[in-house]
Amino acid sequence: MNPFAFSDTNKRYHTYNYALRQRFSGKICKISLNLGLSCPNRDGKIGIGGCTYCSAAKSGDFAGDQLLSLQEQFAQMRAVLFRKWKPAGYIPYFQAGTNTYAPIEFLRTAFYEVLSWENCVGLSIATRADCISPETEILLAELNEKTYLTVELGLQTVHDSTATRIHRGHTYAQFLEAYRRLQARGIAVCVHIINGLPGETHTMMLQTVQELAVLSPHAIKIHLLHILQGTPLAQEYAQGAFFAMTLQEYVRIVCDQLELLPPETIVERLTGDGASQDLIAPLWSQKKKIVMNEIDKELVRRGSYQGSARTT
């Protein structure tokens, strides 16, 4: 018998699939879209070149084609999903680039366009903590009154020393300031973290989740660091400046992190996808089902589940 309350399967963590089915009583799918926006960490406002791990697609390798209209992107992505499911609804997901880094009226037009689509039940917007202006905050609060909105903030790590090394371009204090402003507005936040960043130990990765557990975010995405062709990170890796995580190391840290998270926090992702043509390491990450199964098995072996190691 599964001891974890927020599950109706064998999963011992609060899956996104479970959370959406509980909220909407049916299968809901995210549709990744691309507004073609840049990033202040690429265009010179904050930095040049972006974070050292970020691909040329600005973390939107699996998003829509920015040369197409949003409606055309949606139709293409939905056709792919229809090969597997017939969803009851969709959540348009602005994934590539920094999706609050544009004039406010441009953003308003794009966000309201997708909200008008049939069976659109929510909206996810990926952005940076340093790109939430007062005007943008007001727009997000407005959208939050109309739909199930999630703002995704790429934190990656709470350690500023690592943030400097990966050229993130903002501090943990700046993340906290943006997070608390959104939280004060009642806006759900999904925080992205990355395991395996250069120089980070098991203890440091655990500290990132311990800090987030205190914040009790609406959701979290746990990513594995991918070394991709054409990135500054790939050059570091080739020079032997750091090593990629093994599958065993990754499973261990993820399970340790899950045990610390509040049970109510939705786990939207437990690993990541790297475009196969660009992936240098770790190659085992391409076997996503194996990774997920190993995490499930380790939690069972431990007799643990999300939140089981929390003391408060």
Side-chain angles (χ1 to χ4, degrees), residues 30-68 73 76-77 80 93-102 124-131 152-157 159-170 192-200 205 208 221-247 249-250 269-288 291:
K30 262 187 172 181
I31 300 284
S32 295
L33 303 173
N34 191 339
L35 281 173
L37 298 181
S38 185
C39 171
N41 202 22
R42 282 178 174 268
D43 66 9
K45 182 176 181 181
I46 294 171
I48 299 292
C51 300
T52 60
Y53 56 80
C54 195
S55 68
K58 296 167 288 188
S59 297
D61 301 83
F62 303 102
D65 183 347
Q66 69 182 67
L67 298 179
L68 300 177
Q73 290 181 43
Q76 281 191 355
M77 302 297 281
V80 173
Y93 175 29
F94 291 93
Q95 179 181 20
T98 303
N99 291 284
T100 57
Y101 189 53
S124 285
I125 300 170
T127 188
R128 290 171 56 92
D130 54 359
C131 289
E152 301 195 8
L153 295 180
L155 172 63
Q156 322 317 353
T157 176
H159 301 285
D160 284 341
S161 58
T162 306
T164 298
R165 180 167 177 176
I166 64 174
H167 202 245
R168 187 178 66 193
H170 66 75
H192 291 224
I193 66 170
I194 297 178
N195 287 326
L197 291 169
E200 291 225 335
M205 290 180 260
T208 289
K221 284 186 176 180
I222 301 176
H223 295 271
L224 165 68
L225 181 70
H226 290 105
I227 297 99
L228 302 174
Q229 298 275 5
T231 62
L233 191 74
Q235 297 176 19
E236 278 194 70
Y237 182 71
Q239 293 164 0
F242 70 98
F243 298 98
M245 296 189 83
T246 66
L247 173 58
E249 288 171 333
Y250 189 72
R269 184 181 289 274
L270 277 185
T271 183
D273 298 308
S276 57
Q277 69 273 17
D278 297 325
L279 183 65
I280 297 172
L283 295 178
W284 55 261
S285 66
Q286 294 178 308
K287 299 177 180 179
K288 190 173 179 179
V291 178

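The structure displayed is predicted, hence computed values, not measured ones.
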Check: [Y] and [X] side chains under 4.5 Å, non-hydrogen atoms:
X	Y	result
Leu155	Thr157	no
Leu224	Ile194	no
Leu225	Pro198	yes
Met245	Pro282	no
Tyr101	Asp130	no
Phe242	Ile227	yes
Thr231	Tyr53	no
Gln286	Leu279	yes

Option from Leu153, Asn41, Thr100 for which side chain to side chain contact (heavy atoms under 4.5 Å, CB included) with Arg128 holds: Asn41
[X] [atom1] to [Y] [atom2] distance, which is reported to the nearest 0.5 Å:
X	Y	atom1	atom2	value
Ile222	Asn195	CD1	CG	6.5 Å
Thr52	Leu197	OG1	CG	8.0 Å
Leu67	Asp65	CG	CG	4.5 Å
Glu152	Lys221	CD	NZ	3.5 Å
Thr162	Gln156	OG1	CD	11.5 Å
Leu233	Cys54	CG	SG	11.0 Å

Kindly give the heavy-atom pair with the smallest separation between Val291 and Leu247, and that separation in Å. CG2-CD1, 4.0 Å
If the plane angle is over 60° it's perpendicular, under 30° parallel, otherwise tilted; pick one for His192 and His223. parallel
Not counting sequence neighbours, which residues clear salt bridge (charged side-chain N to carboxylate O under 4.0 Å, His left out) with Asp160? List them please. Arg168
Does Glu236 have any salt bridge (charged side-chain N to carboxylate O under 4.0 Å, His left out) partners at least two apart in sequence or in another chain, and if so, which? Arg165
Salt bridge or not between Lys45 and Asp43? Use side-chain N to carboxylate O under 4.0 Å. no
